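Below: one structure, written as structure tokens.
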Amino acid sequence: MSGTRHVLVLGGTTEARRLAEELAGDPALRVTSSLAGRVAEPRRPAGEVRIGGFGGPAGLARWLREHRVDALIDATHPFAGTISFNAAEAAAAVHVPLLALRRPGWVAGPGDRWHPVDSLAAAAEVLPGLGERVFLTTGRMGLAAFAHLDRLWFLVRSVDAPEPPQPARMEVLLDRGPFTVEGEAELLRRHRIDVVVTKDSGGRATAAKLTAARDAGIPVVVVRRPPVPEGVPVAEDPAAAATWLRSTLG
């Protein structure tokens, strides 16, 4: 690579931080990580950091152009959804190469009692037939989907405190992974959980609850992740993303 090339990483995930750390050590690269600002105290990655939205695909395209970005890596959460499609539209508009960095999804194994669904609303529909004490690990942003289930009790775990609308009968546990199987098993026992709800975010940091649920014979409602925008290449780990970047920039 000749000269310094500017890379924008749409981040907030563990993989995004690892990628930024790896790339920040390359003197031929200028790395900027963009965080959505939804977490009160985010873990700041290496390199330059900006916080906040872009104002849709047009705003992102303008930012890419004005800051002379040479490559864009979408390393947002698998359920960030909107930003991924905004990134695809913006990158195409200004002809900036785009890669999606996505950790592999979880795969059910022997003994798992998974109930895959396509949305939080669908998860709420199946819950009453599966249990009454719910361990809800879908984050603080989607509680409205469960607010009408007043006959169920929820243990809600999130990094920051959730806001209404939310279930009437619930306890909030503020915590951040990684979690252990032993810790998750104790949590399920202590709160007498009989069903777990999670998004298929993949990765190891929050997968322990799946093992604990399997060992306890507890059903798990798994919300499928949305697809990556059509035509966008995908890397499953930071090393593969770094390889793509260096190959693309030449």
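Since this is a predicted model, take the numbers as computed values, not measurements. Sequential numbering from 1 along the given sequence is applied to the chain's residues. Basis for what follows: all heavy atoms, side chains included, without hydrogens, waters or symmetry-related copies.
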For the residue pair His6 and Trp63, categorise the inter-ring angle as parallel (less than 30°), tilted (30 to 60°) or perpendicular (more than 60°).
tilted

Looking at Glu132, I want to see if its CD is surrounded by more than 12 non-hydrogen atoms of other residues, nucleotides or ligands under 6.0 Å.
no

Candidate list Val94, Leu99, Val96, test side chain to side chain contact (heavy atoms under 4.5 Å, CB included), partner Leu72, passing option:
Val96

Rounded to the nearest 0.5 Å, what separation is found between the CZ atom of Arg176 and the OG atom of Ser158?
11.0 Å

Min side-chain heavy-atom separation Arg140-Val156 under 4.5 Å:
no

Polar side-chain atom of Arg113 near backbone of Gly217 as donor-acceptor pair, under 3.5 Å
yes

When you measure from the side chain of Ser33 to the backbone N and O of Leu8, does any donor-acceptor pair fall under 3.5 Å?
no

Within-4.5 Å side-chain heavy-atom neighbours: Val221 and Glu125:
no

Can you tell me how far the CG atom of Leu174 sits from the CG atom of Asp160, to the nearest 0.5 Å?
7.5 Å

Are there more than 12 heavy atoms of other residues, nucleotides or ligands under 6.0 Å from atom CZ of Arg190?
yes

Spatial distance of atom OG (Ser34) from atom CG (Leu60) [nearest 0.5 Å]:
8.0 Å

Applied to residues 55-71, the salt bridge (charged side-chain N to carboxylate O under 4.0 Å, His left out) test, sequence neighbours excluded, yields Arg5-Asp70

Do you know which two heavy atoms are closest between Leu98 and Ala88, and how far apart they sit?
CD2-CA, 3.5 Å

OG1/Thr198 to CG/Leu210 distance, rounded to the nearest 0.5 angstrom?
6.0 Å

With the 4.5 Å side-chain cut-off for hydrophobic clustering, are Val197 and Met170 part of the same group?
yes

Of Leu10, Asn86, Leu64, the one forming a side chain to side chain contact (heavy atoms under 4.5 Å, CB included) with Phe54 is Leu10

Nearest 0.5 angstrom please: Asp175 CG to Thr206 OG1, how far?
11.5 Å

In one Ile/Leu/Val/Met/Phe/Trp/Tyr side-chain cluster, 4.5 Å: Ile83, Ile73
no

Does any N or O in the side chain of Trp244 come within less than 3.5 Å of the main-chain N or O of Ala239, such that one atom is a donor and the other an acceptor?
no

Could you give the distance from NE2 (His77) to CZ (Arg103), rounded to the nearest 0.5 Å?
5.5 Å

State yes or no: do Val9 and Val232 share one hydrophobic cluster built from I, L, V, M, F, W and Y residues joined by side-chain heavy-atom distances below 4.5 Å, directly or via other members?
no

Test item: Asp112 and Val220 side chains (from C-beta on) under 4.5 Å apart, heavy atoms
no

Set of salt bridge (charged side-chain N to carboxylate O under 4.0 Å, His left out) partners for Arg17, sequence neighbours left out
none

Between the main-chain N or O of His191 and the side-chain N or O of Arg133, is there a donor-acceptor pair closer than 3.5 Å?
yes

Worked check of side-chain contact (heavy atoms from CB on, under 4.5 Å) between Trp114 and Val196
CA-CA 9 Å; Trp114 287 12; Val196 176; over 6 Å; no

Given the rule that I, L, V, M, F, W and Y join up when any side-chain heavy atoms are under 4.5 Å apart, are Leu130 and Val117 in one cluster?
yes

Hydrophobic clusters here meaning ILVMFWY residues chained together by side-chain heavy-atom distances under 4.5 Å, can you tell me if Leu23 and Leu101 are in one?
yes

What closest approach, in Å, do Ala71 and Leu249 show between heavy atoms, and which atom pair accounts for it?
CB-CD2, 4.1 Å

Criterion side-chain contact (heavy atoms from CB on, under 4.5 Å) on Leu173 and Leu187, from CA distance to verdict:
CA-CA 11 Å; Leu173 176 61; Leu187 185 149; 3.4 Å; yes

Could you tell me whether the side chain of His67 reaches within less than 4.5 Å of the side chain of Arg50, counting heavy atoms only?
no

Any side-chain heavy-atom pair of Val134 and Leu149 under 4.5 Å
no

Show the numbers, then the answer: is there a side-chain contact (heavy atoms from CB on, under 4.5 Å) between Met141 and Phe79?
CA-CA 11 Å; Met141 304 297 290; Phe79 284 85; over 6 Å; no

Tell me the closest heavy-atom pair linking Gly11 and Ala16, and the distance in Å.
CA-CB, 3.5 Å

Suppose we screen for side chain to side chain donor-acceptor pair (under 3.5 Å). Which residues come up paired with Arg189, at least two apart in sequence or across chains?
Glu186

Within the 4.5 Å heavy-atom criterion, are Gln166 and Phe154 side-chain neighbours or not?
no

Within a strict 4.5 Å, meaning less than it, do heavy atoms of the Ser201 and Thr13 side chains meet?
no

Check against side-chain contact (heavy atoms from CB on, under 4.5 Å), Val31 and Leu19
CA-CA 10 Å; Val31 182; Leu19 176 62; over 6 Å; no

For the side chain of Arg225 and the backbone of Asp200, is there at least one donor-acceptor N/O pair under 3.5 Å apart?
yes

Identify the two heavy atoms, one from Pro229 and one from Ser84, that lie closest to each other, and give their separation to 0.1 Å.
CG-O, 3.6 Å

When every non-hydrogen atom of Ala46 is compared with those of Ala24, the smallest separation belongs to CB-CB, 3.9 Å

Are Phe146 and Leu152 packed together at the side-chain level, in the sense that at least one heavy-atom pair is separated by less than 4.5 angstrom?
no

